[in-house]
Amino acid sequence: MKQLLFSFLTLLCSSIQAQEMIRIETESSALVLKIGKNKKLYQTYFGTKLNNGSEYEFISKENTKKFVINDGNPLIDLRHLAYPTFGTDNLFEPAIRIKHNDGNPSLELEYQNHNSAKIDANTTETVIRLKDPQYPVFVDLHYKVFYKENVIESWTEIQHQEKKPVMLYNYASSALHLDADKYWLTQFYSDVVEEMRMEESQLTRGSKVIDSKLGVRTNMFASPNFFLSLNSKSGENTGEVIAGTIAWSGNFKHKFEIDNNNELRIVSGINEFASEYNLEPKEIFKTPAFIYTFSNNGKGQASRNLHSWARKYGLKDGEKSRLTLLNNWETTFFDFDQNKLANMFTDAKTLGVDMFLLDDGWFGNKYPRSGSTSGLGDWQATKAKLPDGIGFLLEQAKKTDVKFGIWIEPEMINEKTELYEKHPDWVLSLPNREKSFYRTQLVLDLCNPKVQDFVFKVVDDIMQTQSGVAFFKWDCNRMMTSAYSTYLKNQQSHLFIDYTKGLYKVLDRIKSKYPNLPMMLCAGGGGRSDYGMLNYFTEFWASDNTDPFDRIFIQWGYSNFYPALAVCNHVTSMGNQSIKFRTDVTMMGKLGFDIHVGGLKDDELKYCQEAVANYKRLSPAIWQGELYRLVSPYEDSRAVLMYVNENKTKSVLFSYTLHPLTDPNYGLVRLEGLDAKKMYKVEEINVMPKGKKTFEESGTVYSGDFLMKIGLKVSSSRQENSVVLEITAVE
């Protein structure tokens, strides 16, 4: 009996010791947490993974000297709390702030237990339970590790067992702590037709915030993505860098705070602005995932980590093919009928694309959609334009052997609609105020389950037409202003959160009923491109600015966080560049066309047909390959990038010359990502009929070693000129 008791105590002691340090590791990085003597949970390390895991203890001992001594000094005791609280002695940004039933505004969190469960061979989830020692308030910290992709998702689940609701004021998804000499932040600012522009600056003492308060179309001015470089600016292939983003389609917030000891705290999650939340007893408040990766090989590797993760886990059907398409918008705008559209199906077939996409203007009868001021919300085919309905278009598309897609904007409404006449209470609008319009639109109240049912029915009804359409373009052209929900009554501070959750409920229903239905996410351009929405969408529209010169910068920005098959690019008539330049720029992502095919010259049409054929042949490398950004348009008067497939047998290189002031006399560009031992044939493709190739050595065979150590002269010196190289391994 004594021996049995001794064995039990030994096992218990070893278990307690094992729990003192919690290692959350990917293939190349590690996040290490430690339970202090005061039962608080601290982060002691985040960075490159050590070969010998036991040596994290050395880091821990050095770092924990700051906080294991309980001398009452808040500058010592509470630094690096894994999930900082508010109301006691934390002097810096809290991750959580709460008010209890008795009015007490403080929260303490002590470690209770943790467990790790293997979801599959690549994915592990660790859950750490924390509890207030005086109140029945529980916080579970979740860390989901994608081992090979070196990506971590962090979120929290907050609940309580008090007798009445408690008020949540702050509820972050994650708090990360970093110790470096200097910190460099790369953020991505936006505006209409100016999406995802990069800006890098050194963080100084105090706070820096990147956030959105727009409710809908929340990426309109600020992107939820960032790079954070440690000690010095990171390059594409050098430096320690963290790439982070949030999987939330409502208001978001990243706060970067450098304290008096030059230590950085990053608190990320839902923006709590105007969003105090009454949490009912036993209700679980689950925050969205903060998604991040660490690279000690620069921003390029961080991007490839996120791309690999996104294709497998973050993007709907990320490992499947995409549809090339012809859109009618810039050819017809609102001026079309069913015969004109049917003729455009033939144009799509002539180009060689997979699908015709019908854009705005096909719906509304009492108030036909002949412009932007009416019809939005009345989702029935306009009899004057489509007397035989969508069914006729589906039949004609089938006869032409192209697929048929359609545009909708189901979250928004015009006042001049039958829907508004029946349900004026379904819109977000302040009582006793003038209605606030943007683009003549109002926002439907997706907090309301009846509105959720209506929005789902928009898609469901269209899908019930014959065999259903093959593709949806889901648009969202305004943000929230004067936001007030009649449905929420006295809980208006729930609006921004409940709207997003209501939208997700609709999309869950669509995804459940139509799991194989591809959909494009659009928002007046790039106002929506987050991994909360991309769980339901196969791709997103990057910008309404399709001028290829501007698009290079826009698409370059998106490439930092999103794989190529997620970024929709269309060849249009915007800009004065050649059809070759316009097409080559769109091939950098997911190719589409929005042009008057009948207006193309013979050589332009032939070029487009050959480019589409090349794209379809090379799309596996572009969509699923690893991206290497070789020359940045922010640093040179050109942009060069390449994609390499998994087994390094096929690569595609794109080179775009911008606006050099004089003859640039561009030098050699070293390629990346190839196999040094393989031999590669390099051929220039996408050449205009009877045109001269820019790459004079086209057809030459080089070793991968040569291409990566010496390089090639890949760029034209002519303004707004492009070169596309196909690189193929040969025996």
Side-chain angles (χ1 to χ4, degrees), residues 24-32 45-53 56 59 122 145-153 176 178-188 198 200 202 225-245 264 266 291-312 314 556-564 624-632 634-636 639-648 651 653 669-677 704-705 707-711:
I24 298 166
E25 295 178 318
T26 71
E27 189 172 51
S28 301
S29 64
L31 173 69
V32 182
Y45 180 72
F46 180 51
T48 304
K49 182 179 177 179
L50 300 181
N51 292 331
N52 183 356
Y56 291 120
I59 304 172
N122 187 57
V145 171
F146 302 88
Y147 188 79
K148 291 181 180 178
E149 293 74 26
N150 293 298
V151 168
I152 300 173
E153 291 183 14
L176 273 181
L178 299 163
D179 296 295
D181 293 332
K182 296 178 181 178
Y183 309 93
W184 292 86
L185 176 67
T186 303
Q187 64 189 91
F188 297 80
M198 294 196 299
E200 188 169 30
Q202 184 179 350
N225 313 293
F226 67 85
F227 285 128
L228 195 284
S229 299
L230 306 178
N231 297 309
S232 62
K233 287 185 178 181
S234 296
E236 274 295 306
N237 302 307
T238 59
E240 294 185 320
V241 62
I242 296 159
T245 189
L264 174 64
I266 306 173
I291 304 157
Y292 56 107
T293 184
F294 174 84
S295 164
N296 57 10
N297 291 306
K299 296 173 183 173
Q301 186 59 57
S303 294
R304 289 187 288 276
N305 290 349
L306 288 174
H307 295 171
S308 180
W309 167 84
R311 287 190 293 262
K312 294 177 183 176
W556 193 272
Y558 282 118
S559 78
N560 288 282
F561 295 89
Y562 304 100
Q624 302 297 332
E626 291 201 321
L627 167 66
Y628 295 88
R629 294 182 292 262
L630 306 180
V631 180
S632 170
Y634 285 87
E635 299 171 359
D636 203 339
V640 185
L641 68 154
M642 62 187 291
Y643 297 95
V644 183
N645 70 357
E646 185 177 8
N647 57 13
K648 302 183 185 297
S651 175
L653 182 145
V669 174
R670 293 176 180 173
L671 279 54
E672 296 177 26
L674 302 174
D675 186 336
K677 297 179 181 179
D705 183 59
L707 293 172
M708 292 189 290
K709 289 180 178 176
I710 305 300

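Position 1 is the first residue of the sequence, and the numbers go up from there. Bear in mind the structure is a predicted one, so any value in this text is a computation, not a measurement.
A side chain to side chain donor-acceptor pair (under 3.5 Å) with N122 holds for exactly one of K148, E149, K312; it is E149. When each of V644, V640, L641 is tested with Y628 by the rule side chain to side chain contact (heavy atoms under 4.5 Å, CB included), just one qualifies, namely V644.
To the nearest 0.5 Å, the span separating OG1 on T238 from CD on Q301 amounts to 12.5 Å. Note that CZ of F227 and OG1 of T245 are 10.5 Å apart. Values are rounded to the nearest 0.5 Å. The CD1 atom of I242 lies 5.0 Å from the CG atom of L230; values are rounded to the nearest 0.5 Å. The distance from the CZ atom of F561 to the CG atom of N225 is 4.5 Å, given to the nearest 0.5 Å. The line from CD of E626 to OG of S651 is 11.0 Å long, rounded to the nearest 0.5 Å. With rounding to the nearest 0.5 Å, the separation of OG1 in T293 from CD1 in I152 is 8.0 Å.
Without hydrogens or angle criteria, N150 side chain to E27 main chain gives a donor-acceptor distance under 3.5 Å. Checking side-chain atoms of S308 against main-chain N and O of R304 turns up no donor-acceptor pair under 3.5 Å. Counting only distance, with no hydrogens or angles, the side chain of N231 and the backbone of D181 share a donor-acceptor pair below 3.5 Å. A donor-acceptor pair is defined here as one N or O able to donate and one able to accept, closer than 3.5 Å; such a pair exists between the side chain of S234 and the backbone of E240. For R670 (side chain) and K709 (main-chain N/O), a donor-acceptor pair under 3.5 Å exists by modelled atom type.
In plain terms, the two heavy atoms of M198 and Y634 that are nearest each other are N-OH, 2.9 Å. Across every non-hydrogen atom of L630 and M642, the tightest pair is CD1-SD, 3.7 Å. In terms of heavy-atom proximity, K299 sits nearest to T186 at NZ-OG1, 3.2 Å. Counting all heavy atoms, side chain and backbone alike, F226 lies closest to I266 at CZ-CG2, 4.2 Å. Contact detail for Y643 and G625: the closest heavy-atom pair is CD2-O, 4.4 Å. Minimum interatomic distance between R629 and N560 (heavy atoms only, all atoms of both residues): NH2-OD1, 3.1 Å.
In this structure the side chain of L50 reaches within 4.5 angstrom of the side chain of I59, judged on heavy atoms. Between L306 and V151 there is a side-chain heavy-atom pair separated by less than 4.5 Å. Counting only heavy atoms from C-beta outward, the side chains of S303 and L627 never approach each other to under 4.5 Å. Side-chain contact between L264 and L228 is present, with at least one heavy-atom pair separated by less than 4.5 Å. Contact annotation: the side chain of Q624 approaches that of R311 to within less than 4.5 Å [non-hydrogen atoms, C-beta and beyond].
Classified by interplanar angle (parallel below 30°, tilted 30° to 60°, perpendicular above 60°), the ring pair F46/Y292 is perpendicular.
With sequence neighbours excluded, the residues satisfying ring pair (Phe, Tyr, Trp, His ring centres under 6.0 Å) with Y562 are Y531, F540. Residues that satisfy the ring pair (Phe, Tyr, Trp, His ring centres under 6.0 Å) test with Y147, not counting sequence neighbours, are absent from this structure. For Y183, there are no ring pair (Phe, Tyr, Trp, His ring centres under 6.0 Å) partners at least two apart in sequence or on another chain.
More than 12 heavy atoms of other residues, nucleotides or ligands lie within 6.0 Å of CD in E200, so this atom counts as buried by the packing criterion.
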Let me see the working for V145 and L31 under side-chain contact (heavy atoms from CB on, under 4.5 Å), right down to the final yes or no.
CA-CA 10 Å; V145 171; L31 173 69; over 6 Å; no
